[in-house]
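To keep things clear, I will list the structure first and then write my remarks on it.
As the structure is a prediction and not an experimental result, all values here were calculated from the model. Values below: all heavy atoms of this structure, side chains included; hydrogens, waters and symmetry mates excluded.
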Number of protein chains: 2
Amino acid sequence: MWIPIQINENSAEPLYHQIETQLKSLIISGTIAEGTLLPSIREFAGDLKCSVITVRRVYQDLEVQGLLRTKQGTGTFVSHVGEGAMEEYKRVAVEKALENAVDTALSVQCGEEELNEIFRKIVKDKYGEAK
Amino acid sequence: MWIPIQINENSAEPLYHQIETQLKSLIISGTIAEGTLLPSIREFAGDLKCSVITVRRVYQDLEVQGLLRTKQGTGTFVSHVGEGAMEEYKRVAVEKALENAVDTALSVQCGEEELNEIFRKIVKDKYGEAK
DNA sequence: TATACTGTGTATAAAGATATACACAGTAAG
DNA sequence: CTTACTGTGTATATCTTTATACACAGTATA
């Protein structure tokens, strides 16, 4: 099975992290269906031209997050992520990220109005791109 | 001169970073007036119970960011940060933080409406606290 | 100009993050 | 029960981040 992961060799972002975020996104978006048997760590490592250990780390991390379920000798599968759980998962991720940003705004004494304005601009840009 | 910096020994946040963000905040907010001669790196290190080198790093970082100006043999001073520059500075910091958050939202397929809703909630919480 | 302050340059220690190899253990199917 | 796949545990190499010491250089003033 082929998983579409793009590695940016030049990026400062660690290899395992690039793989992890992209794979996570594929699972959360439902692009890879629940129950799917993912490539073995060796096969995937071959595709990505990285070591088996790096892929293992990704699988382990995502298993801890409840997105994968793994069984020695058999393989690694995409877990069942219920609609509710998935919504919750997304919400928590977004909340954390936004809290962080708002904390930054507070730390530089940015007013509520200005914050709102900047937010609207960025959302418009980013969500516009995607359309 | 006494600068109110709170060090959290248990935090995973590096020492130099805790000092840097707090000092930066004091400068940007105008709590420490422009032109103020800051404590020498040795005196400050004594107050904070850290090494002189760590304080030096903070002063250097903030100097690169244009918030401090330093002169060997004399000391380190708070630079003149014009209203315009300060506004610009705050804006860039907040923009970066928000872009990051919105990227996260996109990566988990969070819709625009949901994002807005979460944002409003967090802003209300955080800005409410301060009132 | 001696002295008692300033900051600086260079070197290095300690810890954590990143990525790896290799021998080991479970599973399934002929 | 052998074979050819799965994942696992342990050890280690490399790099970056964080934090430090110490000898050095500039400044001001008595």
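Each of B/V52 and A/G73 was matched to the nucleotide of DNA chain C holding its nearest heavy atom; the match closer to the 5' end belongs to B/V52. Comparing B/E43 and A/L15 against DNA chain C, the residue whose closest nucleotide sits nearer the 5' end is B/E43.
Rounded to whole angstrom, the span from the CD1 atom of A/I41 across to the P atom of C/dG26 amounts to 16 Å. To the nearest angstrom, P of C/dT18 lies 14 Å from CD1 of A/I7. Rounded to whole Å, atom C1' of C/dT27 lies 13 Å from atom CG of A/L37.
Ionic pairing of B/R91 and B/E87 is not present here: no N-O contact between side-chain nitrogen and carboxylate oxygen is shorter than 4.0 angstrom.
For DNA chain D, the span of nucleotides reached by chain A at under 4.0 Å from its heavy atoms goes, 5' to 3', from D/dT6 to D/dT10.
The nearest pair of heavy atoms linking B/L98 to B/F119 is CD2-CE1, 4.3 Å. Looking at every heavy atom in both residues, B/S107 comes nearest to A/S25 through O-OG, 3.2 Å.
Atoms CZ and CG, on A/R69 and A/L38 in that order, are 10.5 Å from each other to the nearest 0.5 Å. The NZ atom of B/K121 sits 14.0 Å away from the CG atom of B/N116 when rounded to the nearest 0.5 Å. A/Q65 contributes atom CD, which lies 4.0 Å from atom OH of A/Y89 (distance to the nearest 0.5 angstrom).
Regarding contacts with the backbone of C/dT20, a side-chain N or O of A/T54 is found under 4.0 angstrom from either OP1 or OP2.
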